[in-house]
Amino acid sequence: MDKNQLEKCRLPLPETLKKIFFQHEEDDERGHYATGLFRYKGKNVFVNIEEGKWHLSADARRTLGYYELKELRYQFLPNHLSVAQIFPPREEFVNVNENCFHLYEIAADGEIEAAAESIVAFRLGVERAVNALQAAVGNPKNADKDMDYTKGKLVAYKEVLRIMEELFFSKSE
């Protein structure tokens with residue numbers, strides 16, 4: 001959608017939404033995107049950036065199907081985003097009405113890959129530290145030195161490595 005089409009759909013923000021609203025506009029090769037409240041094909045569509053991530057909320061008089069949600073996603077959210085409809089545990093589920101649907105940005109370009117690379121790099125750094133500390137503790141030249149501090153660091157680094165293995169890496173690796 002271009003900027004003029006988007007502005008034709010724009011509605012004034014109610015006071016309750018102004019408190020959480022983050023104003024933003026951007027363009028890509030597919031169109032113009034902006035945060036705000038819009039009326040589009042019988043639906044109220046609220047687009048905002050919350051905690052640095054895009055969020056689209058569509059309020060309709062009836063339930064929306066896959067193709068309608070897909071259309072809203074591509075009309076109102078930049079192409080480079082990955083978004084998802086999320087269903088939290090029942091006790092955390094909040095909705096204005098039963099026909100309000102939400103799409104949340106789950107990762108910006110390259111975020112998942114960058115996070116994975118950082119975790120792997122950190123793991124390698126911790127492994128190197130464990131190896132260096134083990135070598136220092138096991139070195140016969142250090143037999144007469146007080147190595148309690150180094151041994152303590154070794155225990156700490158091994159624990160960090162254990163936690164990382166448990167959280168991020170499979171047991172079969």
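Not measured: the values here are computed from a predicted model.
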Testing the basics here: between [X] and [Y], what is the closest heavy-atom pair and its distance to 0.1 Å?
{"X": "Phe21", "Y": "Gly36", "answer": "CE1-N, 3.4 Å"}
{"X": "Asn79", "Y": "Asp28", "answer": "N-OD2, 3.0 Å"}
{"X": "Gln85", "Y": "His102", "answer": "CG-O, 3.5 Å"}
{"X": "Met147", "Y": "Ala136", "answer": "CE-O, 3.5 Å"}
{"X": "Lys145", "Y": "Lys141", "answer": "CE-O, 4.2 Å"}
{"X": "Leu77", "Y": "Tyr33", "answer": "O-CE2, 3.3 Å"}

Rounded to the nearest 0.5 Å, how far apart are [atom1] of [X] and [atom2] of [Y]?
{"X": "Tyr149", "Y": "Lys153", "atom1": "OH", "atom2": "NZ", "result": "4.5 Å"}
{"X": "Leu37", "Y": "Cys9", "atom1": "CG", "atom2": "SG", "result": "11.0 Å"}
{"X": "Tyr40", "Y": "Gln5", "atom1": "OH", "atom2": "CD", "result": "8.5 Å"}
{"X": "Lys19", "Y": "Leu13", "atom1": "NZ", "atom2": "CG", "result": "13.0 Å"}
{"X": "Lys158", "Y": "Ile163", "atom1": "NZ", "atom2": "CD1", "result": "14.5 Å"}

Decide yes or no on salt bridge (Lys or Arg N to Asp or Glu O under 4.0 Å) for Arg123 and Glu127, but give the supporting numbers first. CA-CA 6 Å; Arg123 177 187 183 201; Glu127 285 175 347; 3.4 Å; yes
Would you say [X] and [Y] make side-chain contact, with heavy atoms under 4.5 Å?
{"X": "Phe46", "Y": "Leu17", "value": "yes"}
{"X": "Arg62", "Y": "Leu64", "value": "yes"}
{"X": "Ile106", "Y": "Val83", "value": "no"}
{"X": "Tyr66", "Y": "Lys70", "value": "yes"}
{"X": "Ser57", "Y": "Phe101", "value": "no"}
{"X": "Glu26", "Y": "His80", "value": "yes"}

Under-4.0 Å salt bridge between Glu7 and Lys3: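 Not counted as a salt bridge, because no side-chain N and carboxylate O are separated by less than 4.0 Å.
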Pair Glu68 + Lys41, salt bridge at N-O below 4.0 Å: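 The answer is no: the pair does not qualify as a salt bridge.
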In terms of heavy-atom contacts, does CD of Glu92 have more than 12 from other residues, nucleotides or ligands at under 6.0 Å?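 Buried by this count: over 12 neighbours within 6.0 Å.
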Taking atom CZ as the centre, does Arg10 end up with more than 12 heavy-atom neighbours from other residues, nucleotides or ligands that are less than 6.0 angstrom away?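 Buried by this count: over 12 neighbours within 6.0 Å.
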Are [Y] and [X] linked, directly or through intermediate hydrophobic residues, by side-chain heavy-atom contacts shorter than 4.5 Å (ILVMFWY only)?
{"X": "Leu154", "Y": "Val160", "answer": "yes"}
{"X": "Leu69", "Y": "Tyr67", "answer": "no"}
{"X": "Ile20", "Y": "Val47", "answer": "no"}
{"X": "Met1", "Y": "Leu11", "answer": "no"}

Examine the side chains of Asn99 and Arg61 and answer whether a donor and an acceptor come within less than 3.5 Å of each other.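 Distance-only check fails for Asn99 and Arg61.
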Under a plain distance cut-off of 3.5 Å, with no hydrogens placed, do His55 and Asn48 share a side-chain donor-acceptor pair?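 Checked: Asn48/His55 side chains show no N/O donor-acceptor pair below 3.5 Å.
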With distance as the sole test, does [X] use its side chain to make a donor-acceptor pair with the main-chain N or O of [Y] at under 3.5 Å?
{"X": "Thr35", "Y": "Phe22", "result": "yes"}
{"X": "Asn142", "Y": "Val137", "result": "no"}
{"X": "Arg73", "Y": "Leu56", "result": "no"}
{"X": "Glu105", "Y": "Lys53", "result": "no"}

Should His32 and Asp27 be marked as a side-chain hydrogen bond (donor to acceptor under 3.5 Å, both in side chains) after you check the CA-CA gap, both sets of side-chain angles, and the distance that decides it? CA-CA 4 Å; His32 180 77; Asp27 294 292; 2.7 Å; yes
Before we go on, tell me: are the rings of Phe38 and Phe76 under 6.0 Å apart, centre to centre?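 That pair passes the under 6.0 Å test.
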